[in-house]
Chemist: 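Sharing a structure below in structure tokens format, with a few things to ask.
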Number of protein chains: 4
Amino acid sequence: MQTAASAPHKVSRPRADALRNRERIVTAAREMFVECGADVPFDEVARRAGVGNATVYRNFPDREALVREVVCSVMDRTSEAAEELLAGAGDAFEALERFAHTAAEQRLGALCPVLSTAFDQHHPDLEAARVRLEALVARMMGRAKAAGQLRDDVDLGDLLIGIAQLSRPPAGTGCVNVDRFVRRHLQLFLDGMRAPARGSLPGAAVTVEDLRAN
Amino acid sequence: MQTAASAPHKVSRPRADALRNRERIVTAAREMFVECGADVPFDEVARRAGVGNATVYRNFPDREALVREVVCSVMDRTSEAAEELLAGAGDAFEALERFAHTAAEQRLGALCPVLSTAFDQHHPDLEAARVRLEALVARMMGRAKAAGQLRDDVDLGDLLIGIAQLSRPPAGTGCVNVDRFVRRHLQLFLDGMRAPARGSLPGAAVTVEDLRAN
Amino acid sequence: MQTAASAPHKVSRPRADALRNRERIVTAAREMFVECGADVPFDEVARRAGVGNATVYRNFPDREALVREVVCSVMDRTSEAAEELLAGAGDAFEALERFAHTAAEQRLGALCPVLSTAFDQHHPDLEAARVRLEALVARMMGRAKAAGQLRDDVDLGDLLIGIAQLSRPPAGTGCVNVDRFVRRHLQLFLDGMRAPARGSLPGAAVTVEDLRAN
Amino acid sequence: MQTAASAPHKVSRPRADALRNRERIVTAAREMFVECGADVPFDEVARRAGVGNATVYRNFPDREALVREVVCSVMDRTSEAAEELLAGAGDAFEALERFAHTAAEQRLGALCPVLSTAFDQHHPDLEAARVRLEALVARMMGRAKAAGQLRDDVDLGDLLIGIAQLSRPPAGTGCVNVDRFVRRHLQLFLDGMRAPARGSLPGAAVTVEDLRAN
DNA sequence: TATGAATGAGGCTTCATTCAT
DNA sequence: AATGAATGAAGCCTCATTCAT
């Protein structure tokens, strides 16, 4: 087989079609989570993925495992976008804006509700993805503050929550036209974050620790 | 029973009881919808309300009817707040801000997810409450625009969606500390709406018709 | 209503048909446990009882609760038999024999396997039934020993285990003719217990504590 | 089996592997049947045996085939013990006792429950093992009766059932300490079988035909 | 009218068995 | 020949809804 050279491990090769199946399950799950919420019948996910229901359980021992995989993969993709933006040499606030819109497109917020029910927020995989993403966002915000483009009294949690909330499917809509307004409203939120501040904010800047404190 | 004294005539007693029951059901439902989401077991609502489950069905033929009543009552209370603010003679934008925060406190957004599943958005009662609320909000926004305090390129739908999204329970949190950040982020959003505009917005102003088009 | 006089409690009367249903479920469960083992489909029990499956869950929140009720009721009936025998003034060993055969007929042993899987042996109800039964058996054995009819080197656990084991459906037989041989073999076992001892026994007398030590 | 010696040529290497696999499967199955009962997941047996699940199916077309092999191997080992005892010239009843305890140690009874569910009791292999074992036991009992050491009113089925029932895991115990009491109670049963009889037995002696009649 | 009970449909999960590598 | 993966058929349990008191 051609992968022998690139993967000389003795661990049994994870069969090609099995990998494909796993990928299809994750994809189907992401779509259905976004469209229908966290409580989609597992069998529906299986059907959309074109596999038997038990195959889902083979790959993900419980619901949490599947949810986690989906969430982590979305966070990772968002992190990649952030890394690219940080690598570029553009305007700091503009990078932040682009990041926010990219994250929204990734359905970062749409997936959050999935976490709500009986989900271990502290799983290592999830933590790792969060830490990575947060570090990147912190750097972007730091740059923008240093450039005097971002209010000083906002912090990482403010931006992340704003993105998450505003990019969620507007509820009451059957998830159609989700993006129709997201960019507008996210932009309004970002405008409100721009320096100079147009007024004081109630409460204190939401830090990374506050997010953890959930 | 103690109601006998206050209702000495023949048919008045059961009605008083029934009304109280209905009220308790709606209250319990609102609380549980906010706390636990739209899919709370019906029996739980009944238990919280202190009535039998069948009593819920007697008062609300189907789940939609109950949800609708809850949503309408919240909208109505929000409308009342708007009316008071309009009656007052304060600063136009400040009135808008107060309204937004009041609406958020009413859990307007928290209840939106309830609407999502198979819910007739066009029921007369709901329409009536919406029309009433939208008219009031439109007047408030008109005033603020006239005063040069509100961007011209935003419309009613922008504000309502912003309030709804930002006031929803942040997802992933078990609905605790819901309000902890809402005021901050709603304020950032409102700051972004303030005139003069800090940049152009993607898409077109979201009108009342757009909300309908969902 | 006519039951008001006979049941003047303020606790809501447990509806007549509901009680009947509960009883039918327990009866069906006992039969099926004996016939088919502990892992009979719950739905089958419901069908045999002539009720919907959910009714079983209404009455017994989990499988354990149903099993426990069945086991306790059998133990209680066995205890009643023991009490009658103790009240009578017959031969001590003969009373013991009668008790053993009665217990066997009650399927005391047949129900034991039910306990095996993930069953809380220490539930209060179960403990109470056990304590009651054991005290009675201890008295019967004490009498027989005092009369010089029962070996001194056997204890309560020896008798109870013997009854339990020998009265179980012989395995491999579809539970038909269960009783066909039970009386014979139980009698052989009892004959072996009779004084004077025909030889020494390996191990130590099995006490009530040993049963607990499972 | 012994055909390996008769065919030591070209094809013998893979056969050795296959034989070892088969042996490991049977061993694993016996252990798990005894420990956990008849309904152990097939995949678990495979894992304990260190082979893929499909390999189990290759060797044993259905569950019955595996169960049968396990049961037959245990019966055969018990028969071997009987043969040795018959070859020896010791006391007849003592030989019977030793046989009974050996059979109990072989978990003869522990495996019986495995037979219960939808199992063809009349498979040739099983019949052959039974016939062999029964013939041996019949001879042992015949000797003991001839020596005046064994009651006349008991037959082969009485002994075999007694052994099987008393050597089963006591149910309710997670199969721990299975043997803790078995020897004691088996001895009591054997003492009851000893001549002279201490009383009459209900029913008729259980013959080999009665066992078949199940 | 209000209640508690009953029901059946549906989701979750496991497992015996078959298939593709 | 041997493996790991895939499958579908149950079993368990919950819940919206209806019924009988």
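The basis for the numbers below is simple: all heavy atoms, side chains too, and nothing from hydrogens, waters or symmetry mates. Residue numbers start from 1 in every chain, and the chains themselves are labelled A, B, ... in the order their sequence lines are given, proteins ahead of strands. Remember, it's a predicted structure, so these values are computed and weren't measured experimentally.
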Chemist: Would a distance-only check, ignoring hydrogens and angles, find a side-chain to backbone donor-acceptor pair under 3.5 Å from C/Arg68 to C/Leu126?
Modeler: no
Chemist: Let me spell it out: for each of A/Glu44 and B/Asn59, pick the nucleotide of DNA chain E with the closest heavy atom. Which residue's pick is nearer the 5' end?
Modeler: B/Asn59
Chemist: D/Phe60 has an atom CZ; how far is it from atom P of E/dT17, in whole Å?
Modeler: 14 Å
Chemist: Without decimals, in angstroms, what is the distance between D/Glu64 CD and E/dA16 C1'?
Modeler: 14 Å
Chemist: Counting C-beta onward and ignoring hydrogens, is there a side-chain heavy-atom pair between B/Glu31 and B/Thr27 closer than 4.5 Å?
Modeler: yes
Chemist: When you check the phosphate oxygens OP1 and OP2 of F/dA5, does a side-chain N or O of A/Asn21 lie under 4.0 Å from one of them?
Modeler: no
Chemist: Any side-chain N or O of A/Thr55 below 4.0 angstrom from OP1/OP2 of F/dT7?
Modeler: yes
Chemist: Less than 4.0 angstrom from a charged side-chain N to a carboxylate O is my criterion; do C/Glu44 and C/Arg47 meet it?
Modeler: yes
Chemist: When both hydrogen-bonding distances must be under 3.5 Å and the geometry is Watson-Crick or G-U wobble, what is E/dA16 paired with, if anything?
Modeler: F/dT7
Chemist: Write down the atom of A/Ala28, the atom of A/Arg48, and the distance for their closest heavy-atom approach.
Modeler: CB-CG, 3.4 Å
Chemist: Please step through salt bridge (charged side-chain N to carboxylate O under 4.0 Å, His left out) for the pair A/Asp17 and A/Arg20, ending with a clear verdict.
Modeler: CA-CA 5 Å; A/Asp17 62 341; A/Arg20 206 153 24 92; 5.4 Å; no
Chemist: Any strand counts, and the cut-off is 3.5 Å on both contacts for Watson-Crick or G-U wobble. Which nucleotide pairs with E/dA2?
Modeler: F/dT21
Chemist: Tell me, do B/Phe33 and B/Val71 make a side-chain contact under 4.5 Å, heavy atoms counted?
Modeler: no
Chemist: I need the CZ-P distance between A/Arg47 and F/dA6, as an integer number of Å.
Modeler: 19 Å
Chemist: Could you state the atom-to-atom distance from CZ of C/Arg20 to C1' of F/dA20 in whole Å?
Modeler: 12 Å
Chemist: What integer distance in Å separates A/Arg22:CZ from F/dG4:P?
Modeler: 17 Å
Chemist: Need to verify one output field. Residue with the more 5' nearest nucleotide on DNA chain F, D/Arg58 or A/Val56?
Modeler: D/Arg58
Chemist: Show me the protein contacts with nucleotides 13-15 of chain E, counting only N or O atoms at under 3.5 Å.
Modeler:
| from | atom 1 | to | atom 2 | distance (Å) |
| --- | --- | --- | --- | --- |
| E/dT13 | OP2 | A/Tyr57 | OH | 2.9 |
| E/dT13 | O4 | A/Asn53 | ND2 | 3.3 |

Chemist: Work out which heavy atom in A/Ala49 is nearest to a heavy atom in A/Ile25; give both atom names and the distance.
Modeler: CB-CA, 3.8 Å
Chemist: How long is the line joining CG of A/Leu19 and P of F/dG4, in whole Å?
Modeler: 15 Å
